[in-house]
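The structure under discussion appears below in the form of structure tokens.
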Amino acid sequence: MKEAKLEEKYNPKDFEEEIYKEWEEKGYFKPNNDKTKEAYCIMMPPPNVTGKLHMGHALDGTMQDILIRYKRMQGFNTLWLPGTDHSAISTEVKIVEKLKKEGKDKHDIGREKFLEEAWEWTKEYGGTIVRQQKRLGCSADWEHSRFTLDEGLSKAVLTVFKNLYDKGLIYKGKRMINWCPCCKTSISDAEVEYEEEQTNLWHIRYKIVGEDRYIVVATTRPETMLGDTAVAVNPEDDRYKDLVGKKCILPIMNKEIPIIADESVEVDFGTGCVKITPAHDVNDYQVGLRHNLEIIEVFDEENKMNNLVPEYKGLDIMEARKLIVQSLEKTGDLIKTEKLTHNVGKHDRCKTIIEPKISEQWFVAMKELAKPAIDAVKSGKTRFVPPKFEKTYFNWLENIQDWCISRQIWWGHQIPVYYCEKCGHKNVSIEKPEHCEKCGETNLVQDPDTLDTWFSSALWPFSTLGWPEKTDDFKTFYPTNTLVTGYDIIFFWIVRMMFSAIEQTGEVPFKDVLIHGIVRDSQGRKMSKSLGNGIDPIEIIDKYSADALRFSLISGNSIGNDMRFSPEKLEAAKNFANKIWNASKFVLMNIEDYDGSVQIEGLMPEDKWILTKLNKLIQEVCLNIDEYNLGVALDSIYEFIWNEFCDWYIEIVKPRLYDKTNDSRKVAQYVLNKVLGDSLKLLHPFMPFITEKIYRNLYNSDESIMISKFPKYDEEQVYTLEEDYIEEVKKVITEIRNVRAKMNVHPAKKTKLIVVTNLYENEIQKSIESLKKLGFADTIIIQKDKKDIPQNAISVLSSNLEIFIPFEELIDIKEEMERIQKEKEKLLIEMEKVDGMLNNEGFINKAPVQKVQEIRNRKQELTEKLNNMEERIRQINDKQAE
RNA sequence: GGGCGUAUAGCUCAGUUGGUAGAGCAUCUGCCUUACAAGCAGGAGGUCAUAGGUUCGAGUCCUAUUGCGCCCACCA
């Protein structure tokens, strides 16, 4: 595993794919199968088998990969199970299109041949997304990969169908369902998408029977009037009260239909009168049921007109609409046409307008199944992260309707119901039965319909583990730990997994549901094909690297919120990768002769400081990943590596490294190796490739970083005194730089520094070379008091350190005075606040003791600083007076 | 119509039991300092949407208002 040397430039293309291949070959993605270790399992939401990776997948995959790599490094027996979904309707549509191009029709070639075609298609176009997930670095166990139409999963599907049927929770019934005229199948409520559209609202008059007046209805769908079986008004509507119970004549059909009163009619909409077509409208259907109205179908499954009026027969409904409107105009029955924007339901797959239709279909009775699914979240067995999504979940389940699960397509799990040709009995069986269980007849015909694709996805958390068999995998990994997915499929998927799992296995499918937002474009728009604003993750990986993509998806984002994706973020990510690369190059260059020994004895203050910082970082990272605050965890690593390790530690230890006779050189080497190694480990779940690449060059890194031990917080390596000391050094050094910058002192110009301290004498003695370097000093004098400070020195100070810089000819008294005054003002403002708090009885009495002490300490500090400043100002004034 | 979310620096966003407002990018100044100019150092920039309330103390909790966004239902 160990490599010779890091290349001069960070060039991810050289190693990302190669490293992935090695990981896979070595079998690192597989569970460790250590039964003494706790199991941790994530089920990857199965993408469409013939799909392509988009940013949503990339985010989803990155988050899961971070979690699984983290847990894997912590020693858990991890399983990240990937797979794909057969995506019933969308795949079927594609096959139908392909056949059409070849001049074939699915009904001509027949079911068996069609399915052969579909499998061919799946094999040919499937797998792309898996290759893309690998580019992203996903460490899923591909050998555990499942497909919803696999034998095992299919058996699970049929088993669940039978279980639910036997319990009376699946039934067949004639109901109003959503019909897609394009796909020629029923779909579930969840699959209907509403969109605003412009249309006409036609006002049509129906003559009252036996009277010389009319009732005017308003409709957006005049063609359905042929199937009207009533006109409804609101019972409270005074305008029409006298008409209720009378009859009117349906134009064109010349047929008498009743005028009825129904609560569902809005008084204020249109004319307040609604034509009722029970066969083609959800609401009208309900009205029809309430009033026992006849149901007359006007057109068929393909939107072609029936024979109600012979001259319209076979016409498409839109053509028929035109003719009907014309005809009404001619007879004078069309009173008015007005514009109307209304919501139209469309099939989410093909965007065709949905037709409500009465049809015999299979349903899952939801009421009984919903309750335990609600309870499981209420009782905390399953937890939503962030919790706000519980509300969405409850809202959906509490208002749930029965789920239409049968589809009139072939690509999917065929419904395991065998009708007896003799007695009509429904034999429900996983295998095809020999004979009817009721009458013994052997002539049985299977229901031609297939199941909703979500019916099989709903079983994903357990069907993939071998259920209904009691497999080892099932026993080890079920219930799974974390489900990671977007909020857009709470209804489709999460809800259905919850109730299916609870019903079938008696347990919740997962403990935590981690819900992320949508990745939008840089302007905040949803990425979509029609807008053409989609970003291909693979292009991003090619251009910037998988690590940079992953970083930009996680950094600075909080869970559950949508995020914008922008090139700037990617640049920042790539720059970070580059920074790590260069810092590592520096470390590797300087530890070439390091022997690997642990050097606790000779630790210098800065060593203890960085080790303390590292430890605190480890604690913070673990805490945040455990709470799924991945963005916070990553940003804290970024902060540490760049702003602590690179900006300060490396700069501080440079003098020790350059002096090869120095005994503390080896200590610095130990610390550099340790801190870089641990930082890489902390970062590995987020940026797996670059961390692996560098790790291979570190001392004693013979194994892959991805199976190394994740760093643990170590109390022994927390040094408070040294931590405070270096923090103070940082403050004064920054101040020195600030002063020099303001005075335009060139970096090459060195000065003397006089350090006054009571507390840090020892530490400064040890750090003298580093201080010289950081403080642009050629000499450093340490003293306990302010004796013999040159008159023209500038002072910078922190709590326990004061440094004087005798600038001699460089000093500009006026500038210096201004600087001090400005600083003093800042301190005075803070002093006022602190005093305000301390003079407030309420604060003294009610605030926590610790807090009060903190403020008192702060006051002490401020007082000292201000005193120093006053003294300084006096000095300057004295000098000027001379 | 019902539900949910959000409003913080010029832009994109963090801010975890309430305790002195943060990052990245952009901007300004000075640096090719032998890991890194994809960089280093320093600076400027915010009455945390508005109005109330709770509290010793509110970006954080409560109420109302306004703007923006999303989901569900769907009016023919």
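Each chain gets a letter, A, B and so on, in the order its sequence line appears, and its residues count up from 1. Quick caveat: nothing in here was measured; it's all calculated off a predicted structure.
- Comparing B:A35, B:C71, B:A14 by their closest approach to the side chain of A:Lys526 singles out B:C71.
- Between the side chain of A:Asn578 and the base of B:C36, no donor-acceptor pair of N or O atoms lies under 3.5 Å.
- With a cut-off of 3.5 Å on both Watson-Crick or G-U wobble distances, the partner of B:G24 is given as B:C11.
- Checking B:A14, B:A35, B:C75 against every side-chain atom of A:Ser558, the shortest atom distance belongs to B:A14.
- Salt bridge annotation for A:Asp14-A:Lys9: absent, with no cationic side-chain nitrogen under 4.0 angstrom from a carboxylate oxygen.
- Within 4.0 Å of A:Val282, counting heavy atoms only, lies no atom of the nucleic acid at all.
- Side chain of A:Ala741, nearest nucleotide from B:G5, B:G42, B:C71: B:G42.
- Residue side chain A:Glu830 reaches the base of B:U20 through a donor-acceptor N/O pair under 3.5 Å, judged by distance alone.
- Enclosure of atom NZ in A:Lys616 is not indicated, since only 12 or fewer non-hydrogen atoms of other residues, nucleotides or ligands lie within 6.0 angstrom.
- As judged by a 4.0 angstrom heavy-atom cut-off over every strand, A:Asn343 is placed among the base-contacting residues.
- Applying the 4.0 Å criterion to OP1 and OP2 of B:U12, one finds that A:Ser566 has every side-chain N and O outside that range.
- Within 3.5 Å, no donor on the side chain of A:Glu651 pairs with an acceptor on the base of B:A41, nor the reverse.
- For B:C36, the base has a donor-acceptor partner in the side chain of A:Lys579 [N/O atoms by modelled type, under 3.5 angstrom].
- Residue contacts shown for A:Phe576 are absent, as no nucleic acid heavy atom lies under 4.0 Å away.
- Closest contact between the side chain of A:Ala847 and the listed nucleotides B:G19, B:C36, B:C75 involves B:G19.
- Taking only side-chain nitrogens and oxygens, A:His746 never comes nearer than 4.0 Å to OP1 or OP2 of B:C31.
- Heavy atoms of A:Glu568 sit under 4.0 angstrom from primed sugar atoms or phosphate atoms, though from no base atom.
- Distances shorter than 4.0 Å separate some side-chain N or O of A:Asn561 from OP1 or OP2 on B:A14.
- Note on A:Thr392: nothing from the nucleic acid sits closer than 4.0 angstrom, heavy atoms only.
- Of the candidate nucleotides B:A41, B:C25, B:U20, B:A41 has the atom nearest to the side chain of A:Asp647.
- Regarding contacts with the backbone of B:A41, every side-chain N or O of A:Arg740 stays at 4.0 angstrom or more from both OP1 and OP2.
- For B:C40, the OP1/OP2 oxygens have a side-chain nitrogen or oxygen of A:Trp642 closer than 4.0 Å.
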